[in-house]
Amino acid sequence: EVQLQASGGGLVQAGGSLRLSCAASGFTFDDYAIGWFRQAPGKEREGISCISSTDGTTYYADSVKGRFTISSDNAKNTVYLQMNSLKPEDTAVYYCAAWDTIVVVPQCTSVIFYDYWGQGAQVTVSS
């Protein structure tokens with residue numbers, strides 16, 4: 001059974017940091033790309049970053065570039081999203097998802113590519 005378990009969300013003040021984790025199981029992790037998405041109330045789901053588990057290639061949406069860092073620990077089948085300099089507009093439910101590909105492209109932040117989704121983790125940034 002494929003599972004993606006996101007954790008690490010919480011409440012933080014503006015300017016603070018959080019690290020999200022996405023623990024994957026039930027598929028060959030090295031053959032997949034993992035993406036992070038977020039959805040704020042009343043808004044569409046937004047892709048913010050992705051990483052190839054094969055070669056570590058990463059991409060970021062402009063909204064988080066320079067503040068967020070995605071990384072992968074293939075030995076633990078886990079992808080992390082380090083979020084720094086958080087802003088109130090980063091408040092959302094954050095999701096991780098898996099895409100059956102060994103090559104990622106800049107369009108990897110589009111939801112259409114992803115095969116499996118985890119449950120969300122709430123991130124709230126207070127002003």
Side-chain angles (χ1 to χ4, degrees):
E1 179 188 5
V2 173
Q3 288 192 336
L4 294 164
Q5 183 78 28
S7 61
L11 172 64
V12 65
Q13 289 188 330
S17 299
L18 282 175
R19 189 177 80 157
L20 301 180
S21 300
C22 176
S25 61
F27 59 93
T28 304
F29 185 80
D30 291 2
D31 292 342
Y32 279 70
I34 302 295
W36 281 101
F37 297 78
R38 66 186 182 186
Q39 190 165 18
K43 294 189 176 181
E44 292 188 353
R45 191 164 295 189
E46 173 193 15
I48 57 175
S49 186
C50 71
I51 185 168
S52 165
S53 302
T54 305
D55 64 9
T57 301
T58 60
Y59 290 101
Y60 297 92
D62 289 342
S63 58
V64 304
K65 198 173 296 182
R67 300 188 298 122
F68 292 10
T69 302
I70 191 170
S71 62
S72 179
D73 185 339
N74 287 27
K76 295 182 178 180
N77 286 5
T78 300
V79 169
Y80 304 98
L81 185 69
Q82 178 66 43
M83 306 184 293
N84 299 329
S85 301
L86 282 161
K87 306 174 181 179
E89 52 264 43
D90 294 318
T91 294
V93 178
Y94 284 69
Y95 301 88
C96 59
W99 174 17
D100 185 4
T101 182
I102 61 173
V103 178
V104 293
V105 294
Q107 294 80 10
C108 69
T109 52
S110 172
V111 300
I112 65 172
F113 293 114
Y114 289 82
D115 304 287
Y116 306 111
W117 291 83
Q119 93 295 351
Q122 176 70 48
V123 172
T124 303
V125 185
S126 63
S127 58

> Looking at side-chain heavy atoms only, is the closest gap between Asp90 and Arg67 below 4.5 Å?
Replying inline: yes
> How about Tyr80 and Arg19: does a side-chain donor come under 3.5 Å of a side-chain acceptor?
Replying inline: no
> Are Ile51 and Val103 connected in a single hydrophobic cluster, I mean Ile/Leu/Val/Met/Phe/Trp/Tyr linked by side-chain heavy atoms less than 4.5 Å apart?
Replying inline: no
>> Would you say Phe29 ends up clustered with Leu81 if hydrophobic residues are merged whenever their side chains have heavy atoms under 4.5 Å apart, either directly or through other cluster members?
In response: yes
>> Any heavy-atom pair between the side chains of Met83 and Val123 that's under 4.5 Å?
In response: yes
> Looking just at side-chain N and O atoms, do Asn74 and Ser72 make a donor-acceptor pair shorter than 3.5 Å?
Replying inline: yes
>> Between Trp36 and Val79, is there a side-chain heavy-atom distance shorter than 4.5 Å?
In response: yes
> Do Ser7 and Gln5 get their side chains close enough for a donor-acceptor pair, meaning under 3.5 Å?
Replying inline: no
> Can you say whether the rings of Phe27 and Tyr116 are parallel (under 30°), tilted (30 to 60°) or perpendicular (over 60°)?
Replying inline: parallel
> Where do Thr91 and Val125 come nearest, in terms of heavy atoms and distance?
Replying inline: OG1-N, 2.9 Å
> Are Val2 and Tyr32 joined in one hydrophobic group, where the rule is that I, L, V, M, F, W and Y side chains link up if heavy atoms are under 4.5 Å apart?
Replying inline: yes
> Going hydrophobic residue to hydrophobic residue with side-chain gaps under 4.5 angstrom, can you get from Ile70 over to Ile34?
Replying inline: yes
>> Tell me whether the NZ or CZ atom of Arg45 lies within the 45° cone about the ring axis of Tyr95 and under 6.0 Å from its centre.
In response: yes
> If you draw a 6.0 Å radius around CG in Leu11, do more than 12 non-hydrogen atoms from other residues or ligands fall strictly inside?
Replying inline: yes
>> Closer than 3.5 angstrom, by distance alone: can the side chain of Asn77 be matched with the main-chain N or O of Ser25 as a donor-acceptor pair?
In response: no
> Just wondering, do Phe37 and Cys96 contact through their side chains at under 4.5 Å, heavy atoms?
Replying inline: no
> Does Val93 belong to the same Ile/Leu/Val/Met/Phe/Trp/Tyr cluster as Trp117, with side-chain heavy atoms less than 4.5 Å apart forming each link?
Replying inline: yes
> Would you say Tyr114 and Cys50 make side-chain contact, with heavy atoms under 4.5 Å?
Replying inline: yes
> Where does the angle between the aromatic ring planes of Trp99 and Phe113 fall among parallel (under 30°), tilted (30 to 60°) and perpendicular (over 60°)?
Replying inline: parallel
>> Looking only at side-chain N and O atoms, does Gln82 offer a donor or acceptor that is under 3.5 Å from a partner on Ser71?
In response: no
>> Give me the atom names and distance for the closest heavy-atom approach of Lys43 to Gln39.
In response: O-NE2, 3.1 Å
>> If I take atom CG from residue Asp55 and atom CG from residue Asp30, how far apart are they, to the nearest 0.5 angstrom?
In response: 11.0 Å
> Any side-chain heavy atom of Thr109 sitting closer than 4.5 Å to one from Ile48?
Replying inline: no
> Which atoms form the tightest heavy-atom contact between Lys76 and Thr78, and what is the distance?
Replying inline: O-OG1, 2.8 Å
>> So which atom in Gln122 and which in Ala92 form the shortest heavy-atom distance, rounded to 0.1 Å?
In response: NE2-O, 3.4 Å
> For Cys108 and Val104, which heavy atoms make the closest approach, and how far apart are they?
Replying inline: CB-CB, 4.5 Å
>> Taking the side chain as everything from C-beta on, heavy atoms only, tell me whether Thr58 gets closer than 4.5 Å to Tyr60.
In response: yes
> Do the side chains of Arg38 and Val64 get nearer than 4.5 Å, heavy atoms only?
Replying inline: yes
> Just checking, any donor-acceptor pair under 3.5 angstrom between side chains of Ser17 and Asn84?
Replying inline: yes
>> Please find the pair of heavy atoms, one from Ala14 and one from Ser127, that lie closest to each other, and give the distance.
In response: CB-CA, 4.3 Å
